[in-house]
2 protein chains.
Amino acid sequence: AAAPKRRAGNGRTKIAIRRIEKKGARQVCFAKRRQGLFNKANELAVMCGAQVAAVTFSDGGKAFSFGHPSAEAVVDRFLAGGGALVQGAAADDDELKKLHQLHGELRTRLKEVKARKGRVVEAMAK
Amino acid sequence: AAAPKRRAGNGRTKIAIRRIEKKGARQVCFAKRRQGLFNKANELAVMCGAQVAAVTFSDGGKAFSFGHPSAEAVVDRFLAGGGALVQGAAADDDELKKLHQLHGELRTRLKEVKARKGRVVEAMAK
DNA sequence: GTGGCTATCATTAGTAA
DNA sequence: CTTACTAATGATAGCCA
């Protein structure tokens, strides 16, 4: 008798939260997790009666968004409120740590963009 | 003899994705899931090298946000780009300017928080 | 690019502090 | 508001169609 042969599959394997190097796997992961993120955002909005917006730009620069009641509405309100309240007003000490981290990320990002801009300018000179 | 009494708790129970009526439970749920959402957003950003922003307003109208590299940067790009996004020097130059401004704001903010923390520490010493 | 599958890891409902 | 705990639900890595 032929056993109903299970599909090959090792189940979920544990992975670290760092950049996925393989391009293909990274894209698949982006698509799946983007969907998961939007789903979580929707659940938060429905269950807690909160306004939620989530926006992401893929590696390729393509934009995706989710919002309740709409991404634009929430985003507008966010900018209008002038509120640059990061991660909720936690304890000062905690917030200080977060600001330091943000600062570090910003510096890294600045360097990246500057480097890219340099290459672009150089390319245009030719 | 007193048994080492486990903490009461039935573990996670299945619930429907609809508005939570009990106010207290709704607030706790909001706090937990907001944190979970931001965590997912961060993982997506790190693992897939994508820009991500998440913004929510609680029932009480309080704003919370997360962003990589920053909520404002991603949100601005979203509103500016509308949908399709262009690459090139112009886009990079614009982003560079925004990052510089953000950097300045962050430094100001850091000083403020540090000062406040100093006052708090001093107050606690008394 | 999307969707199914399985085994496994991650999140979290309910509760109390 | 945040945190700790337990047990169960939910999300998903890797592989294939």
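As the structure is a computational prediction, the values presented were derived from the model and not from experiment. Just so we're on the same page: letters track the sequence lines, and every chain starts at 1.
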Between [atom2] of [N] and [atom1] of [X], the distance in whole Å:
| X | N | atom1 | atom2 | answer |
| --- | --- | --- | --- | --- |
| B:Phe38 | C:dA10 | CZ | C1' | 19 Å |
| A:Leu44 | D:dG10 | CG | P | 16 Å |
| B:Ile17 | D:dG10 | CD1 | C1' | 10 Å |
| B:Leu37 | C:dA10 | CG | P | 18 Å |
| A:Lys40 | C:dA10 | NZ | C1' | 9 Å |
| B:Ile15 | C:dT11 | CD1 | P | 17 Å |
| A:Phe64 | C:dT2 | CZ | C1' | 13 Å |
| A:Asn39 | C:dA10 | CG | P | 19 Å |

* Once you build an axis from the first five pairs and another from the last five of the helix from C:dT2-D:dA17 to C:dA17-D:dT2, how far apart in angle are they, to 10 degrees? -> 60°
With rounding to the nearest 0.5 Å, note down the distance linking [atom1] in [X] to [atom2] in [Y].
| X | Y | atom1 | atom2 | answer |
| --- | --- | --- | --- | --- |
| B:Phe66 | B:Leu37 | CZ | CG | 9.5 Å |
| B:Leu44 | A:Arg33 | CG | CZ | 7.5 Å |
| A:Cys29 | A:Lys22 | SG | NZ | 13.0 Å |

Is there side-chain contact between [X] and [Y], with heavy atoms separated by less than 4.5 Å?
| X | Y | result |
| --- | --- | --- |
| B:Lys23 | B:Asp59 | no |
| B:Val75 | B:Ser70 | no |
| B:Phe38 | B:Arg34 | yes |

* Heavy-atom closest pair, residues A:Leu79 and B:Asp76 -> CD1-OD1, 3.8 Å
* Asked: Looking only at heavy atoms, which two atoms of A:Phe57 and A:Ala63 are closest? And how far apart?
  -> CE2-CB, 3.5 Å
Under-4.0 Å side-chain N/O to phosphate OP1/OP2 contact, [X] with [N]:
| X | N | answer |
| --- | --- | --- |
| B:Lys32 | D:dC1 | no |
| B:Asn10 | D:dA8 | no |
| A:Thr13 | D:dG14 | yes |
| A:Arg12 | C:dC5 | no |

* To do: Looking at every strand, decide which applies to A:Gln35 at a 4.0 Å heavy-atom threshold: base, sugar-phosphate, or nothing.
  => nothing
* Asked: Are B:Val46 and A:Ile20 connected, step by step, through hydrophobic side chains (Ile, Leu, Val, Met, Phe, Trp, Tyr) whose heavy atoms are closer than 4.5 Å?
  -> yes
* Nearest-nucleotide comparison on DNA chain D, the residue closer to the 5′ end among A:Lys14 and B:Gly11 -> B:Gly11
* To do: Give, ordered by number, those residues of residues 18-28 of chain B having at least one heavy-atom distance below 4.0 Å to an atom of DNA chain D; if nothing qualifies, reply none.
  => B:Gln27
